[in-house]
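In what follows, a single structure is set out as C-alpha cells and then discussed.
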Amino acid sequence: MEAQSSDISSSHEPGDTKPLEDLDDVLDLTGGAGQFSHTFPSRHMEEKEEENEEEEEDEKSWKESLEASPVLEDPGSTSGSSPTPHSPPEPSAPTEEPERPPATCTAPSSSLAYTYLAQRLRKEVVDLIYWRDIKRSGVVFGASLFLLLSLSVFSIVSVLAYIALALLSVTISFRIYKGVLQAIQKSEEGHPFRSILESNLALPEDVVQKYCTVALNQVNRTVAELRRLFLVEDLVDSLKFAVLMWVFTYIGALFNGLTLLIVALISLFSIPVIYERHQTQVDHYLALINKNLKNTSDLILAKVPGLKRKSE
C-alpha cells in the first residue's frame with residue numbers, strides 16, 4: 001500500500017492540476033468512502049457547528065445578564081445594552097409603580113402645638129359665647145355666675161373651702177358606693193378613678209413657655225402704653241385717658257369689682273348672640289354713635305388753643 005500511495009503522489013505533483021481519472025482507486029487506497037468522509041469532514045458542516053456553538057454561548061450570556069440585572073429598563077431609553085442578534089426579543093412587562101411606605105406620625109413641634117392649642121382654645125371660647133352647644137354654654141355660664149355671686153356674699157377663702165368640701169363629698173360617696181357594689185358582686189374592677197389617676201396631667205413645658213412669653217409681651221406693651229399716657233407723650237391721648245378715668249370714678253361709686261365682673265359675664269354671653277341676630281340694626285346705630293363722637297371730639301379740639309396744631 002505504501003508503494004501504491006507513493007506512485008499516486010509521484011504521478012500527481014503539486015504543480016499538476018489534472019483531475020484524477022479514477023476516483024475509485026483513491027477511495028480504495030484510503031479505506032473507502034465512509035472512512036474518507038469521517039476523516040475529512042466537509043467545510044459546510046464545520047461552519048454550521050461553529051454557528052450553533054456561538055448561538056448557544058450568546059443565549060447563555062444573555063440569560064446570565066438578565067438574571068444579574070432583573071430591573072426592566074424603559075423601552076425608549078438607548079443607554080442600556082442592545083439585545084444580541086441571536087436572542088429572541090421578549091415583550092417588555094408593564095412597570096409597576098412601587099408602593100409608598102405609609103406616612104409615619106411624627107410629634108408636632110412646639111410652635112405647631114402652640115398654634116394648634118391657640119386655635120382650638122379660640123374656637124372653644126367662640127362656641128361657648130355664641131351658644132353653639134346649649135348644654136355646655138349653660139353649664140359654664142351657670143357655674144361662673146354662681147361663683148361670682150358666692151364671692152359677692154362670702155369671702156374668697158370661704159368660697160374655696162365650700163367648693164373643696166362639695167367636691168370631696170361627691171368623690172368619697174362615689175368611692176364608697178363602688179366599693180360596696182364590688183363587694184356584693186364579688187368583682188375585681190379596681191379603683192373607680194383609676195383611669196384619671198393614671199392619666200398624665202402635667203402641662204407641656206414648651207406650651208407653658210409659649211403662653212408665658214405671650215403674657216410677658218402683653219405686660220410689656222401695657223407698661224409702655226401707660227408710661228406714654230402718664231408722661232404725656234401725646235396730649236390728646238392723655239386727655240382721653242383722663243376722661244375715661246373720670247367716668248370710671250362714677251362707675252366705681254355705683255358698682256364694686258364683683259358687680260362689674262357679673263355684668264361683664266352676662267354681657268359676654270348675651271351681646272354676641274344679640275349682635276349676630278340683629279347685626280344690620282346694631283351696625284347702623286353704632287355708625288351714628290361713632291359719627292357723633294367724632295364730631296364732638298373735633299369740636300373740642302378746634303376750641304382748645306394750640307391743641308389741634310400739636311396733634312397734627
Side-chain angles (χ1 to χ4, degrees), residues 101-179 182 188-227 256-273 275-276:
T104 56
C105 297
T106 57
S109 60
S110 58
S111 60
L112 293 177
Y114 168 72
T115 305
Y116 172 73
L117 290 175
Q119 292 178 354
R120 185 176 179 181
L121 180 61
R122 190 182 298 112
K123 184 178 181 301
E124 291 290 336
V125 172
V126 171
D127 291 341
L128 288 175
I129 291 174
Y130 284 91
W131 295 79
R132 307 298 187 200
D133 189 354
I134 297 178
K135 292 182 179 180
R136 291 182 61 187
S137 299
V139 169
V140 173
F141 176 70
S144 302
L145 185 61
F146 178 76
L147 179 62
L148 292 177
L149 290 175
S150 300
L151 289 174
S152 63
V153 177
F154 304 100
S155 64
I156 187 171
V157 177
S158 300
V159 171
L160 293 177
Y162 283 132
I163 292 175
L165 286 175
L167 185 60
L168 281 173
S169 63
V170 172
T171 55
I172 291 173
S173 301
F174 185 75
R175 177 71 175 86
I176 294 173
Y177 168 75
K178 294 295 291 185
Q182 290 177 13
E188 297 180 358
E189 295 181 0
H191 201 283
F193 301 112
R194 182 180 301 276
S195 60
I196 301 176
L197 291 172
E198 293 178 354
S199 61
N200 186 14
L201 299 179
L203 295 175
E205 185 177 356
D206 53 351
V207 177
V208 174
Q209 290 178 356
K210 287 289 183 180
Y211 279 109
C212 290
T213 303
V214 173
L216 182 60
N217 293 333
Q218 188 65 33
V219 170
N220 291 334
R221 284 196 295 269
T222 303
V223 171
E225 185 66 20
L226 291 175
R227 181 186 62 183
N256 57 12
L258 287 175
T259 307
L260 291 177
L261 288 177
I262 294 172
V263 172
L265 179 65
I266 296 174
S267 302
L268 184 64
F269 278 87
S270 59
I271 291 178
V273 179
Y275 177 75
E276 187 179 21

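Starting from 1, each residue takes its place in the sequence as its number.
- Around OH of Y275, the count of heavy atoms belonging to other residues, nucleotides or ligands within 6.0 Å exceeds 12.
- Inter-residue side-chain proximity for R221 and E225 is flagged as unmet; no heavy-atom pair is nearer than 4.5 Å.
- The structure places CG of L268 at 11.5 Å from CG of L261, a figure rounded to the nearest 0.5 Å.
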Which side-chain N or O atoms in residues 140-155 pair as donor and acceptor under 3.5 Å with protein atoms at least two apart or in another chain?
| from | atom 1 | to | atom 2 | distance (Å) |
| --- | --- | --- | --- | --- |
| S144 | OG | V140 | O | 2.8 |
| S150 | OG | F146 | O | 2.8 |
| S152 | OG | L149 | O | 2.5 |
| S155 | OG | S158 | N | 3.4 |
| S155 | OG | S158 | OG | 3.2 |

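- By the 4.0 Å N-to-carboxylate-O rule, D127 lies close enough to K123 to be salt-bridged with it.
- Ion pairing between a basic and an acidic side chain is recognised when a charged N comes within 4.0 Å of a carboxylate O; R194 and E188 show no such pairing.
- The shortest side-chain heavy-atom distance between R175 and H191 falls under the 4.5 Å cut-off.
- Distance CD1/I262 to OG/S267: 11.5 Å, rounded to 0.5 Å.
- V125 places none of its side-chain heavy atoms less than 4.5 Å from the side chain of L128.
- No donor-acceptor distance shorter than 3.5 angstrom exists from the side chain of S137 to the backbone of I134, with no hydrogens or angles considered.
- Around atom CG of L165, more than 12 heavy atoms belonging to other residues, nucleotides or ligands sit under 6.0 Å away.
- Remark: Q209 CD to L216 CG distance equals 12.5 Å, nearest 0.5 Å.
- Applying the side-chain contact (heavy atoms from CB on, under 4.5 Å) test between F269 and each of L265, I266, I271 identifies L265 as the sole match.
- Using cut-offs of 30° and 60° for the angle between ring planes, the F193 and F174 rings count as tilted.
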